[in-house]
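From a predicted model like this one, the values you see are computed outputs, not experimental measurements. We name chains A, B, ... by the order of the sequence lines, and we start the count at 1 in each one.
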There are 2 protein chains.
Amino acid sequence: MLNKQDKLDLMFQALADPSRRSMIERLSKGPASVSELAKPLTMSLPAVVQHLQVLEASGLVRSEKVGRVRTCRVDWVALQTAEDWMMDRRRTWELRLDRLGDFLADQTKG
Amino acid sequence: MLNKQDKLDLMFQALADPSRRSMIERLSKGPASVSELAKPLTMSLPAVVQHLQVLEASGLVRSEKVGRVRTCRVDWVALQTAEDWMMDRRRTWELRLDRLGDFLADQTKG
DNA sequence: CTGTTTGTTAAGCATATACTTAAGTATCGC
DNA sequence: GCGATACTTAAGTATATGCTTAACAAACAG
């Protein structure tokens with residue numbers, strides 16, 4: 001089984017490549033086939049398929065094959081996991097600032 | 001100059017490593033020195049410094065050296081850039097769902 | 001059945017990443 | 001000044017990543 005840390009590794013790694021992000025951008029507008037995803041990119045089809053494998057391994061994208069066409073779509077629940085990590089960090093920071101503010105207010109009062 | 005895509009590459013790449021994320025987690029609780037960041041990690045100090053360089057190159061972390069101590073902190077504005085990219089994708093998707101909803105509603109009406 | 005479309009598999013290669021150890025530099029405390 | 005502290009730099013290495021081309025497979029269209 002893949003723990004949460006490993007999933008975050010794979011997700012952020014998947015998002016770290018501009019071609020893969022462009023694939024996700026395309027998919028956020030709706031499902032697409034492999035060749036539709038490949039069309040705007042300047043690389044070979046196998047390269048696109050490899051990027052797709054990275055995206056699927058990360059959980060960010062799912063796909064199913066019907067006939068000879070593989071249709072891909074974003075898994076928004078998975079993307080949420082990555083967003084959550086960042087929001088959690090921001091929240092920790094904000095809490096810290098709140099406590100710091102309280103402390104400074106006490107100092108002023110005292 | 002580094003364009004927005006390159007910055008996103010570096011940020012997501014920086015976030016793709018569990019050691020670097022743990023460093024950010026530590027820093028979200030407040031500034032820390034290099035050796036404080038190194039303490040919970042099981043790697044050599046130079047390795048930690050290399051991770052720190054990746055974080056700084058990405059813009060997610062800033063640091064300044066005073067005397068012999070380098071103090072590091074998270075740049076929250078930079079982290080926002082990565083969050084924004086994800087939220088933009090989600091927003092595109094939600095808009096699409098809205099339009100789809102409108103379309104289906106029209107179909108029902110007509 | 002045959003050719004075209006759509007994707008898959010395999011192998012190879014150049015570069016990047018994530019470490020390591022060893023050796024150096026610059027404070028700071030006494 | 002002198003030892004300890006807090007990094008920093010350099011060099012080397014093993015594995016991972018991002019491609020490529022060539023060859024294969026399956027499904028649909030005529």
Side-chain angles (χ1 to χ4, degrees), chain A residues 2-3 5-27 30-73 82, chain B residues 2-3 5-27 30-73 82:
Chain A
L2 232 49
N3 65 32
Q5 284 300 315
D6 292 337
K7 279 184 189 167
L8 282 172
D9 286 9
L10 294 176
M11 273 184 220
F12 284 127
Q13 182 65 47
L15 292 173
D17 183 277
S19 303
R20 287 194 292 262
R21 282 202 308 281
S22 86
M23 289 166 77
I24 295 218
E25 286 179 19
R26 167 63 190 80
L27 291 176
S33 70
V34 175
S35 32
E36 278 171 341
L37 289 178
K39 206 162 290 176
L41 301 175
T42 61
M43 65 187 70
S44 70
L45 192 62
V48 173
V49 172
Q50 282 166 32
H51 281 306
L52 188 58
Q53 283 166 355
V54 172
L55 287 168
E56 291 211 53
S58 78
L60 288 172
V61 167
R62 294 176 162 283
S63 75
E64 50 179 350
K65 195 166 182 175
V66 175
R68 55 184 169 173
V69 176
R70 177 171 296 281
T71 302
C72 313
R73 67 195 71 240
Chain B
L2 230 50
N3 64 33
Q5 284 300 314
D6 291 338
K7 280 186 188 165
L8 283 172
D9 286 8
L10 294 175
M11 274 185 220
F12 284 126
Q13 181 64 47
L15 291 172
D17 182 276
S19 303
R20 287 195 291 261
R21 282 201 309 280
S22 87
M23 290 167 76
I24 294 219
E25 286 178 20
R26 167 62 190 83
L27 291 176
S33 70
V34 174
S35 33
E36 279 172 339
L37 289 178
K39 207 163 286 175
L41 301 175
T42 60
M43 64 187 70
S44 69
L45 191 61
V48 174
V49 172
Q50 283 166 30
H51 280 305
L52 188 56
Q53 283 166 355
V54 172
L55 287 167
E56 291 211 53
S58 78
L60 287 172
V61 167
R62 294 175 161 281
S63 75
E64 50 179 349
K65 195 164 182 175
V66 175
R68 54 185 169 172
V69 177
R70 177 171 297 280
T71 302
C72 313
R73 69 195 70 240

Separation of B:Met23 CE from B:Arg26 CZ (nearest 0.5 Å): 11.0 Å
Return no unless some side-chain N or O of B:Lys65 is found under 4.0 Å from OP1 or OP2 of D:dT8. yes
Give, for atom NE2 of B:His51 and atom CG of B:Leu41, the distance between the pair rounded to the nearest 0.5 Å. 7.5 Å
Could you state the CG-C1' distance from B:Asp9 to D:dT17, rounded to the nearest angstrom? 13 Å
Apply side-chain contact (heavy atoms from CB on, under 4.5 Å) to B:Arg70 and B:Val49, showing your working. CA-CA 11 Å; B:Arg70 177 171 297 280; B:Val49 172; over 6 Å; no
Expressed as a whole number of angstroms, how long is the span from B:Leu55:CG to C:dT17:P? 13 Å
Closest heavy-atom pair, B:Leu8 versus B:Ala82, reported as atoms and distance to 0.1 Å, is CD2-CA, 4.0 Å
Starting from C1' on C:dA18, measure out to CD on B:Gln13 and report it in whole angstrom. 11 Å
Taking CD from A:Gln53 and C1' from D:dT17, how many angstroms apart are they, rounded to a whole number? 13 Å
Under 3.5 Å donor-acceptor pairs involving side-chain atoms of residues 9-18 of chain A, not counting sequence neighbours:
residue	atom	partner	partner atom	Å
A:Asp9	OD1	B:Arg21	NH1	3.0
A:Asp9	OD1	B:Arg21	NH2	2.7
A:Asp17	OD1	A:Ser19	N	2.8
A:Asp17	OD1	A:Arg20	N	3.1

Step by step, work out the side-chain contact (heavy atoms from CB on, under 4.5 Å) result for B:Gln53 and B:Gln50. CA-CA 5 Å; B:Gln53 283 166 355; B:Gln50 283 166 30; 4.2 Å; yes
Quick one: on DNA chain C, does B:Arg68 or B:Val54 contact a more 5' nucleotide (nearest heavy atom)? B:Val54
Give me the atom names and distance for the closest heavy-atom approach of B:Val34 to B:Val48. O-CG1, 4.3 Å
Quick check on contacts: within residues 14-24 of chain B, what sits under 4.0 Å from DNA chain D by heavy-atom distance? none
Which residues, if any, of residues 32-51 of chain A bring a heavy atom under 4.0 Å of DNA chain D? A:Met43, A:Ser44, A:Pro46, A:Ala47, A:Gln50, A:His51
Could you tell me how far apart A:Leu52 (CG) and C:dG7 (C1') are, to the nearest whole angstrom? 11 Å
Which atom pair, heavy atoms only, marks the closest approach of A:Ala47 to A:Met43? CB-SD, 3.6 Å
